[in-house]
Amino acid sequence: MMGNKGGRIHDPETQTLLNRKWASKRWIICVTEFKERQRQVMGHGYTELFFMDETSALAAGHRPCFECRRAAANQFAEIWQECLGVISGSVADGIDKTLHQQRTSPLSNLYDHELKNLPDGTMVRSGKDCFALKNGQFHEWSGTGYKKKKTVLKNAELLTPRSILAVLENGYQPVWHPTIN
């Protein structure tokens, strides 16, 4: 999957990142192929980010795109409004505002009893390693895929924003990388 942090955060001439972390609050998750469009990566448009799967992108505070992933975005927004309240104005703007606040807040520490009650699709960090929860088990994340973690985590930092946890708890099913089992 791919996405962006609201626009261009690179210099298209040198193809180097600028000294800013985002261009706007609209961080989205897109598919890599849509309507046969071709883009130059790190061109004059937005800065492309690439994710192993939607679970990783959600943990980074992105939401499904309303153009190339309309069905997923509509489902995400519907669940959001059911569990977090109806948003006045643009649904995307309301979601983006909330997610931006959570992305820029300190990470939460979770402990044993809290880790047991998280929904599938949650990502946490313990030490230098990241893990995603699927079917009650933590799977170690890497840039190439997941592997099951055999030890039980006693504490970890929550990576997935809390509003996205609520959407996951209420039925949103993210797209997983094929290495998850």
Side-chain angles (χ1 to χ4, degrees), residues 1-6 9-10 17 21-22 26-39 41-42 46-80 83 92 95-96 99 102-103 107-108 110 114-181:
M1 307 208 96
M2 64 173 273
N4 69 73
K5 291 184 174 185
I9 58 173
H10 72 278
L17 292 176
K21 295 181 180 181
W22 59 82
R26 195 171 302 282
W27 294 20
I28 59 174
I29 307 165
C30 298
V31 292
T32 55
E33 293 182 27
F34 182 67
K35 294 186 176 182
E36 298 183 30
R37 293 180 184 168
Q38 299 290 315
R39 294 185 45 82
V41 175
M42 303 265 297
Y46 58 81
T47 303
E48 295 85 352
L49 303 173
F50 295 94
F51 298 101
M52 185 175 74
D53 59 9
E54 186 175 20
T55 305
S56 304
L58 291 170
H62 296 246
R63 62 152 174 85
C65 174
F66 278 97
E67 183 178 9
C68 68
R69 300 191 63 228
R70 184 168 301 278
N74 285 336
Q75 180 191 30
F76 186 91
E78 182 180 313
I79 295 171
W80 180 288
C83 64
I95 291 171
D96 294 338
L99 286 176
Q102 293 176 0
R103 288 189 299 257
L107 296 177
S108 301
L110 300 175
E114 296 168 300
L115 290 166
K116 292 177 183 174
N117 296 316
L118 295 170
D120 279 0
T122 301
M123 288 195 75
V124 299
R125 178 174 52 216
S126 182
K128 294 181 180 181
D129 298 319
C130 295
F131 303 88
L133 186 63
K134 175 96 186 230
N135 298 326
Q137 294 188 319
F138 282 102
H139 299 259
E140 189 172 351
W141 176 93
S142 76
T144 59
Y146 294 101
K147 54 186 174 184
K148 277 189 183 171
K149 180 69 178 170
K150 299 212 188 288
T151 51
V152 176
L153 296 177
K154 296 291 184 189
N155 58 60
E157 290 178 299
L158 178 64
L159 297 177
T160 306
R162 290 202 179 266
S163 58
I164 293 177
L165 286 185
V167 174
L168 293 170
E169 287 171 343
N170 285 281
Y172 187 77
Q173 299 292 314
V175 176
W176 289 87
H177 189 267
T179 58
I180 201 79
N181 38 6

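Just so it is clear, the values below take in all heavy atoms, side chains as well, and ignore hydrogens, waters and symmetry mates. The structure displayed is predicted, hence computed values, not measured ones.
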Do Tyr172 and Glu54 have side-chain atoms, one donor and one acceptor, less than 3.5 Å apart? yes
Within the structure provided, determine whether Trp141 and Thr55 are in side-chain contact (heavy-atom separation under 4.5 Å). no
Between SG of Cys65 and CZ of Arg70, what distance do you get to the nearest 0.5 Å? 8.5 Å
Heavy-atom closest contact (Ala92 atom, Arg63 atom, distance): CB-NH2, 3.6 Å
Can you measure from CE (Met1) to SG (Cys68) and round to the nearest 0.5 angstrom? 7.5 Å
Within 45° of the six-membered ring axis of Trp27 and under 6.0 Å from that ring's centre, is NZ or CZ of Arg103 located there? yes
Nearest non-hydrogen partners of Pro119 and Thr122, listed with the distance: O-OG1, 2.8 Å
What pairs of donor and acceptor atoms, side-chain ones from residues 158-171 against any protein atom, are under 3.5 angstrom apart with sequence neighbours left out?
unit_1	atom_1	unit_2	atom_2	d
Thr160	OG1	Met123	N	2.8
Ser163	OG	Gln102	OE1	2.8
Asn170	ND2	Ala166	O	2.7

Is a donor on one side and an acceptor on the other found under 3.5 Å between the side chain of Asp53 and the backbone of His177? yes
Within this structure, what is the NE2-NZ distance for the pair His139 and Lys134, rounded to the nearest 0.5 Å? 7.5 Å
Please tell me if the side chains of Val175 and Arg69 come closer than 4.5 Å, counting only heavy atoms from C-beta onward. yes
Leu58 side chain reached by Phe76 side chain, heavy atoms, under 4.5 Å: yes
Note: Ala60 and Phe51 closest approach over all heavy atoms is CB-CE2, 4.2 Å
Can you tell me how far the CD atom of Gln75 sits from the CH2 atom of Trp80, to the nearest 0.5 Å? 14.5 Å
Any donor-acceptor pair under 3.5 Å linking the side chain of Ser126 with the backbone of Ala156? no
Less than 4.0 angstrom from a charged side-chain N to a carboxylate O is my criterion; do Arg26 and Asp96 meet it? yes
Out of curiosity, Thr179 OG1 to Met52 CE, how far, rounded to the nearest 0.5 Å? 5.0 Å
I need the Leu153 CG to Leu110 CG distance, nearest 0.5 Å. 10.0 Å
Go through it in stages, so that I can follow the logic: the residues are Asn74 and Phe66, the test is side-chain contact (heavy atoms from CB on, under 4.5 Å), and I'd like the CA-CA distance, side-chain angles, deciding distance and then a yes or no. CA-CA 7 Å; Asn74 285 336; Phe66 278 97; 3.5 Å; yes
Any idea which heavy atoms bring His62 and Asn4 closest together, and the distance? CE1-O, 3.3 Å
Beyond-backbone contact of Ser56 with Tyr146, side-chain heavy atoms, under 4.5 angstrom: yes
